[in-house]
2 protein chains.
Amino acid sequence: MKDVANAAGVSLGTASKVMAGAQGVSPARRQQVWDAARQLGYRRNSLAAELRSSRSTSIGFVVPDLTNSFFIELLCVVEDQALASGYRLLLAHAQEDPEREAERIRFVLSRQVAGMIIIPCHGYDHAIEELRECDVPLVMADRVDNSFPANTVTTDSRRAASDGTDHLIALGHERITFIVNALDLVNSRERADGYLDAMKRAGLARHARVVVCGMTDTESHAATLGLLSERERPTALFTGANVATLGALRAIRDAELRLPDDVSLLSFDGAPWMSVLHPRISSIHQPVEAVGRAIWQLLHKQLQGESSEPVHLRMKADLRVRESTAPPHKATGAAQQNAGRTRKRAALADR
Amino acid sequence: MKDVANAAGVSLGTASKVMAGAQGVSPARRQQVWDAARQLGYRRNSLAAELRSSRSTSIGFVVPDLTNSFFIELLCVVEDQALASGYRLLLAHAQEDPEREAERIRFVLSRQVAGMIIIPCHGYDHAIEELRECDVPLVMADRVDNSFPANTVTTDSRRAASDGTDHLIALGHERITFIVNALDLVNSRERADGYLDAMKRAGLARHARVVVCGMTDTESHAATLGLLSERERPTALFTGANVATLGALRAIRDAELRLPDDVSLLSFDGAPWMSVLHPRISSIHQPVEAVGRAIWQLLHKQLQGESSEPVHLRMKADLRVRESTAPPHKATGAAQQNAGRTRKRAALADR
DNA sequence: CCACACCGGCCTCAAGGTCGA
DNA sequence: ATCGACCTTGAGGCCGGTGTG
């Protein structure tokens with residue numbers, strides 16, 4: 001910048017003002033500086049600027065998994081909001097690995113961001129540890145609960161999972177299995193709890209079964225395949241997340257079963273690709289747009305200095321019944337022993 | 001850091017060395033400094049460090065579209081490689097918007113990254129403009145061609161598209177339509193050209209048809225739906241990218257057509273979700289792992305000071321024939337006029 | 001508009017200390 | 001006691017900008 005100032009025949013301070021877009025420089029000089037900068041191919045060093053002014057317009061965003069479309073959608077919403085308020089996002093990818101996540105947090109924090117948004121991996125103690133005494137505005141989302149000592153935005157997973165389970169029960173299912181990635185993911189645990197709530201309420205506690213399948217679709221595929229090959233296989237599956245649904249669907253395909261005739265499937269979270277499936281997949285839909293806006297709103301308020309007690313926002317998810325959930329087939333195999341139940345069942349609609 | 005040094009009872013220089021992980025400090029003092037730092041909740045300011053040493057271990061990565069799983073996979077490969085060499089990625093998302101992309105490039109560059117990787121949006125003149133006289137090591141990937149004045153890693157899209165088209169032609173298709181996002185995306189254009197090559201070579205130039213459908217699956221859905229409702233609809237679709245495939249599949253579903261009986265579909269690029277479809281989707285598979293490694297290799301070489309003439313690496317994609325491509329049905333409707341062709345066709349295998 | 005101090009860590013450098021051989 | 005090898009110190013300049021007088 002010194003060079004630019006020299007070339008433009010002004011002092012360093014003036015050049016700085018021009019490049020920062022500040023007031024108080026005559027149009028003529030402003031133009032001179034601009035020209036000189038262009039000619040020299042000058043690019044401002046925002047590191048230095050932020051160092052000196054100890055102000056930053058970058059927001060760190062630590063995402064656990066970029067293959068999960070829910071996070072991507074959320075990220076896009078937040079990014080647009082941030083941009084509209086003059087902030088930009090510094091993205092960091094934890095790849096569902098707590099250690100890597102901790103490193104990413106340190107990385108982001110050491111770059112003096114103005115604020116930070118994080119969706120933790122499982123075992124979020126790591127994350128908390130890193131975030132302790134972090135003095136920047138912080139919002140945590142999705143995989144946290146109300147006990148978290150920070151601003152949070154979450155979906156009421158427990159309630160949503162309970163509603164979803166109720167839907168399956170109302171269709172006449174009893175052997176409903178819940179497939180979840182990991183129980184040390186706060187929201188997964190909540191979802192499992194919601195499922196258990198509903199099963200108990202319906203007097204189906206003995207059929208309740210939560211299968212932990214790990215974080216990848218490969219694992220969930222294997223787990224589901226195992227489930228489906230049991231003698232008394234579930235008549236309905238409820239997958240606790242996007243990734244689990246992917247693996248489960250592949251398993252259903254590989255087991256040559258039909259949705260929903262042979263088995264019903266309800267997915268927590270939809271994904272764009274689900275729209276091409278036949279039948280359409282019933283799912284729990286989280287209000288991504290609202291969650292994203294809430295995250296930014298909370299962060300923005302803090303950025304503007306309005307600090308207050310940690311706020312916990314909880315959004316409501318809704319059940320979207322489509323075609324992958326239907327009443328169970330009566331006694332389709334020798335293993336099916338519940339044929340003569342008293343519960344009335346609607347005839348299976350032909351798809 | 002001064003405080004840390006004081007608390008640890010060492011000099012500032014020593015503390016600096018410890019925090020930077022440099023050699024030449026005795027284990028005892030090293031521990032003292034570490035303890036003091038932890039107690040004070042000290043976090044190193046890497047902005048200042050990088051400013052002074054004008055060295056950075058961050059690599060900027062500008063991604064055009066995080067909803068495209070190909071880019072995500074690529075990103076993961078590159079990130080692992082970078083981490084293994086002691087670098088970390090600074091992610092920036094262009095959302096397929098050239099203006100936003102330009103801004104992201106400026107942003108990344110102004111943060112003094114050690115190197116930069118970019119997969120451009122359409123109309124990459126914007127990008128070139130921003131990258132002109134950028135003095136950091138640079139690798140551009142995927143959406144560039146060999147004429148590009150920088151290191152590039154690409155897939156031989158033209159060849160791959162030509163192979164794919166040959167496959168469809170060999171099955172007996174003539175009315176093959178190529179659906180592409182945008183022709184100002186270099187690789188999309190190459191794919192379209194490859195398709196045209198093959199059509200011409202087979203004497204099917206009069207049937208050749210390239211439909212530009214835009215960057216979103218919504219647009220590709222609409223375009224495909226239009227195509228499929230024509231009186232003489234294509235017997236085979238070849239989609240030029242992930243996103244186009246998504247829209248096309250939804251259109252096929254909505255038009256209540258069957259794959260591959262009513263229409264064949266070949267997709268350039270696969271995606272994890274395609275594995276759940278029935279029938280399985282034939283696709284052109286790009287060697288993501290190899291591309292990612294190549295990108296890093298090229299960048300790493302430059303980071304270590306071995307500068308040379310721009311290198312252009314071109315990887316080979318391969319055709320994976322699955323079940324969504326089959327010989328066309330003979331004369332299924334009044335509109336089908338090619339029933340009695342001389343070309344021999346294999347009987348339609350029952351799926 | 002210019003001059004100047006300054007953000008926070010880095011680097012160099014001369015000078016002195018510790019330690020085992 | 002001597003010597004070289006290695007650790008440690010403190011000062012001061014510096015990176016590239018910002019903000020005040």
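Since the structure is predicted, the reported quantities are computational estimates derived from the model, not experimental observations. Hydrogens, waters and symmetry mates play no part in the numbers below; they use all other heavy atoms, side chains included. We name chains A, B, ... by the order of the sequence lines, and we start the count at 1 in each one.
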Subject >> Verdict with reasoning, B:Arg100 to A:Asp80, per side-chain contact (heavy atoms from CB on, under 4.5 Å) >> reply: CA-CA 11 Å; B:Arg100 195 176 282 208; A:Asp80 287 346; 3.0 Å; yes
Original post:
Picking from C:dG8, D:dT8, C:dC6, which would you name as closest to the side chain of B:Lys17?
Top reply: D:dT8
Subject >> Worked check of side chain to side chain donor-acceptor pair (under 3.5 Å) between A:Arg88 and A:Ser58 >> reply: CA-CA 5 Å; A:Arg88 48 227 70 214; A:Ser58 307; over 6 Å; no
Original post:
Can you find a heavy atom in the side chain of A:Glu73 that is under 4.5 Å from one in the side chain of A:Gln286?
Top reply: no
Original post:
Between B:Ala48 and B:Gly13, who's closer to the 5' end of DNA chain D by nearest nucleotide?
Top reply: B:Gly13
**OP:** State whether B:Ser53 places a side-chain N or O below 4.0 Å from either non-bridging phosphate oxygen (OP1 or OP2) of C:dC10.
**Re:** no
Original post:
In whole angstroms, how far is the C1' atom of C:dG9 from the CG atom of A:Leu47?
Top reply: 12 Å
**OP:** Take atom CZ of B:Arg29 and atom C1' of D:dC6, then tell me their distance rounded to the nearest Å.
**Re:** 13 Å
**OP:** Might you point out which heavy atoms bring A:Glu130 and A:Arg106 nearest each other, and give the distance in Å?
**Re:** OE2-NH1, 2.7 Å
Original post:
Closer than 4.0 Å, any side-chain N/O of B:Thr14 to the OP1 or OP2 of D:dT9?
Top reply: yes
Subject >> Distance in angstrom units between B:Asp3 CG and C:dG8 C1', rounded >> reply: 12 Å
Subject >> Under 4.0 angstrom between A:Ser11 side-chain N/O and C:dC1 OP1 or OP2 >> reply: no
Original post:
When we call it a touch if two heavy atoms are under 4.0 Å apart, what does A:Arg55 touch: a base, just sugar-phosphate, or nothing?
Top reply: sugar-phosphate
**OP:** Would you indicate what A:Leu12 reaches in the nucleic acid, counting non-hydrogen atoms under 4.0 angstrom: base, sugar-phosphate, or nothing?
**Re:** base
Subject >> Nucleotide D:dC14, atom C1' - distance to CG of B:Leu51 in whole Å >> reply: 9 Å
**OP:** For A:Asn6 and D:dG16, give me the distance from atom CG to atom P, rounded to whole Å.
**Re:** 14 Å
Original post:
Is the shortest side-chain N/O distance from B:Arg44 to OP1 or OP2 of C:dC10 below 4.0 Å?
Top reply: yes
Original post:
Rounded to whole angstroms, how far apart are NZ on B:Lys2 and C1' on C:dC6?
Top reply: 11 Å
Original post:
What is the nucleic acid contact for A:Ser26, judged by heavy atoms within less than 4.0 Å: base, sugar-phosphate only, or nothing?
Top reply: sugar-phosphate
**OP:** Nearest whole angstrom, please: distance from the C1' of C:dC11 to the CE of B:Met1.
**Re:** 11 Å
Original post:
So does B:Tyr42 get a side-chain nitrogen or oxygen closer than 4.0 Å to the phosphate oxygens (OP1/OP2) of C:dG9?
Top reply: yes
**OP:** For a side chain to side chain contact (heavy atoms under 4.5 Å, CB included) with B:Ile59, tell me which candidate from B:Leu303, B:Val78, B:Leu90 qualifies.
**Re:** B:Leu303
Original post:
Atom CD of B:Glu50 and atom C1' of C:dC10: how far apart are they, to the nearest Å?
Top reply: 12 Å
